[in-house]
Amino acid sequence: MTSNASPSYQNYIAGRFEPAADGRSFTATNPTTGQPWGSFAHSGKADVGRAVQAATDALRGPWAQLSPSKRGRLLMVWGEKIAANADKIARLESTQNGKLLAEMRAQANVIRDWLYYFGGLADKIEGRVIPLERQSVLNYTLREPLGVVAVIVPWNSPTFLTLMSAAPALAAGNTIVIKPSEVTSASAFELVRLAEEAGIPAGVINVVTGLREAGEALVDHEGVAKIAFTGSEGGGRAIAARAGARLASCTLELGGKSPNIVFADAPVDNAVAGILAGIFAAAGQTCVAGSRAYVHESIYDEVLDRLHQRARAIKLGDPLLADTQMGPAATQAQLQKDITMVERAVAEGAKVLHGGRRAAVPGFEEGFFFEPTILHDMAPDNYIMNEEVFGPVLGIARFHDEEEVLAQANATRYGLAAGVWTRDFRRAHTMARRLQAGTVWINTYRAMAFNSPFGGYKNSGIGRVNGIESIDQFLQTKSVWCEMSEEIQDPFVLKV
Ligand code: NAD
């Protein structure tokens with residue numbers, strides 16, 4: 001790796017940097033300027049094979065020899081180092097995905113809590129003693145790591161999402177191979193440099209960069225016991241099919257079309273802030289983007305007007321600057337998707353209240369900026385009310401009563417998150433039970449914690465990250481039977 005303006009990165013395998021076996025590389029782009037930024041190893045099967053071998057060696061060697069408490073402490077030290085380098089990590093990410101530096105920095109800082117939590121859980125992975133009918137048998141369970149885990153991540157929150165899977169996987173005693181997004185591969189190298197500094201043995205954490213081909217090679221590799229995938233619904237389907245073909249397990253954290261539901265008795269200021277945060281704070285490039293809003297007819301015009309005023313005032317610009325409120329789309333392809341999806345929605349009858357086009361930002365004429373967009377009076381069957389944009393596009397509709405809005409909110413194949421805005425606690429908790437979503441926020445939005453489970457219902461995913469249950473997804477249970485009596489159990493000797 002070099003530290004000049006256009007750095008070049010190699011894979012990190014068994015604690016060493018090495019180029020792709022066939023010498024190929026690919027170039028990433030800075031979405032704010034539209035210019036090339038950095039080159040990375042374009043890995044294929046051979047590179048993936050080497051990384052999986054390194055992870056397998058570490059799994060059987062130094063990682064297995066460490067006590068769970070020591071393993072956990074190393075993760076905590078790693079967390080300290082990541083937080084201490086949060087600004088550096090955030091700058092790399094912001095430069096590559098165009099998201100606000102402040103958000104990337106906050107994520108790199110807070111991920112320390114994940115490593116404390118899962119580091120702390122490492123020595124609390126306990127088996128059970130099972131009281132069997134035959135009392136002379138001691139039957140107990142051992143909870144063991146699965147083996148080598150592939151951690152495949154998207155571009156929108158690289159460090160945060162990598163660690164959400166890596167922290168429980170490592171705490172459970174697995175070793176990992178990370179395949180970062182081709183859009184934002186750089187910060188993974190900062191993570192492994194800090195892991196090395198923290199004393200995590202070489203080979204426990206490996207990084208192979210590349211395109212879909214590298215991800216597929218990892219999913220197909222017989223030495224990979226589990227795939228922890230975060231990304232698009234399409235990617236998740238493809239990975240589940242490949243993993244299924246060789247009976248490897250996978251957890252999938254996928255996309256969403258999450259609704260914010262604002263009742264007539266809602267705290268309106270909070271609801272408006274929550275809707276804005278949900279869709280525009282990260283330029284819509286978050287899996288939990290509140291991309292649909294349903295507002296009660298009695299306050300619809302007021303909420304719409306306030307959202308409009310706020311959207312008009314959003315300052316687009318360089319994500320590295322403190323006063324910028326929204327950066328560009330992370331890629332040209334994402335920008336094009338924003339444009340074509342809004343065009344199709346309009347062709348199907350959507351009314352544009354604000355935005356809807358590529359934005360011109362002075363000084364960044366080649367940047368992939370898209371205007372904060374509000375489409376209003378949306379019909380339930382409009383294409384954009386059913387498909388994830390992953391951009392700053394809000395579709396808003398009015399509703400009359402609870403049953404109607406519940407049916408509309410649930411009428412999607414996704415089920416990642418939902419927001420409910422009301423002061424009526426009966427209604428809030430009834431909605432929470434009836435909404436088909438892995439996370440329901442009441443009078444808040446886009447909150448997340450290391451100890452609160454997160455994941456999707458329906459097509460938004462399989463499995464959970466965060467919280468105690470997430471570590472179970474990286475463990476397997478062995479049942480051990482020990483006969484303690486001297487009695488001979490001969491199946492051919494009849495007992496009378
Ligand atoms: P993506 O699916 O295109 O790519 C994600 C990663 O998987 C990348 O590293 C990519 O190279 C790799 N990949 C893609 N297809 C693959 C395949 N067939 N086999 C193996 N590897 C493959 O997703 P993206 O565009 O980078 O990210 C955006 C998506 O991620 C959105 O849909 C968003 O909702 C979702 N997401 C979900 C969560 C969550 O926690 N549920 C969090 C963030 C983002």
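Note that ligands are numbered from 1 as they come in the structure, with each ligand's atoms numbered from 1 the same way.
Ranking the protein heavy atoms by distance from atom 22 (C) of ligand 1 puts I239 CD1, 4.1 Å first. For atom 27 (O) of ligand 1, the nearest protein heavy atom (residue, atom name, distance) is P154 CB, 3.1 Å. Counting only heavy atoms of the protein, atom 1 (P) of ligand 1 lies nearest to S232 OG, 3.5 Å. At the top of the distance list for atom 24 (P) of ligand 1, counting protein heavy atoms only, stands W155 NE1, 3.6 Å. The protein non-hydrogen atom at the shortest distance from atom 13 (N) of ligand 1 is F229 CE1, 4.3 Å. In terms of protein heavy-atom proximity, atom 35 (C) of ligand 1 is closest to G231 O, 3.1 Å. Counting only heavy atoms of the protein, atom 16 (C) of ligand 1 lies nearest to R212 CG, 3.7 Å. Distance from atom 36 (N) of ligand 1 to its nearest protein heavy atom, with residue and atom name: C287 CB, 3.5 Å.
Contact annotation for Q334 and ligand 1: no heavy atom of the residue comes within less than 4.0 Å of the ligand. Proximity of L254 to ligand 1, defined as any heavy-atom pair under 4.0 Å, is confined to the backbone N, CA, C and O atoms. Contacts between M164 and ligand 1, counted as non-hydrogen atom pairs separated by less than 4.0 Å, are absent for every part of the residue. Counting heavy atoms under 4.0 Å from ligand 1, residue P180 touches it through the backbone alone. Counting heavy atoms under 4.0 Å from ligand 1, residue A238 touches it through the side chain alone. Residue L161 touches ligand 1 through its side chain alone, judged by heavy-atom distances below 4.0 Å.
When only modelled atom types and interatomic distance are considered, E233 and N459 share a side-chain donor-acceptor pair under 3.5 Å. Side-chain polar atoms of Y414 and E387 form no donor-acceptor pair below 3.5 angstrom. If you check the side chains of S43 and N11, you find a donor sitting under 3.5 Å from an acceptor.
For the pairing with W441, the side-chain contact (heavy atoms from CB on, under 4.5 Å) check across V288, V420, N260 returns one residue only, V288.
Checked against a 3.5 angstrom limit, the closest N/O atoms of T230 and ligand 1 fall outside it. For the pair E388 and ligand 1, the shortest N or O to N or O distance falls below 3.5 Å. Looking at ligand 1, you won't find any N or O of S460 less than 3.5 Å from one of its N or O atoms. Of the polar atoms of E182, at least one N or O is found under 3.5 Å from an N or O of ligand 1, judged by distance alone.
Using the six-membered ring where Trp is involved, F40 and F189 have ring planes that are parallel, under 30° apart on the 30 and 60° scheme.
Ion pairing of E365 with R358 is absent here, as no side-chain N (NZ or NE/NH1/NH2) approaches a carboxylate O to less than 4.0 Å. Between R357 and E371 there is a salt bridge, since a side-chain N of the basic residue sits under 4.0 Å from a carboxylate O of the acidic one. At a threshold of 4.0 Å, the pair E93-K99 does not count as salt-bridged, since none of the basic side-chain nitrogens sits closer than that to a carboxylate oxygen. In summary, R246 and D220 do not engage in a salt bridge, as defined by a charged side-chain N under 4.0 Å from a carboxylate O.
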Open item on the list: Working note: I275 + V262, criterion side chain to side chain contact (heavy atoms under 4.5 Å, CB included); need CA distance, chi angles, decisive distance, verdict.
Closed with: CA-CA 9 Å; I275 293 172; V262 187; 3.8 Å; yes
Task: Worked verdict on F160 versus W114 for ring-ring contact (aromatic ring centres under 6.0 Å, His included) - done: CA-CA 9 Å; F160 198 52; W114 267 255; 5.1 Å; yes
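The ligand atoms of ligand 1 that sit less than 4.0 angstrom from a heavy atom of I152 are 6 (C), 7 (O), 9 (O), 12 (C). Atoms of ligand 1 found under 4.0 Å from any heavy atom of G215 (numbered from 1 in listed order, with element): 20 (C), 21 (N).
Within 4.0 Å of atom 4 (O) of ligand 1, not a single protein heavy atom is present.
Aromatic pair F17/Y12: centroids less than 6.0 angstrom apart.
Not a single heavy atom of G461 sits under 4.0 Å from any atom of ligand 1.
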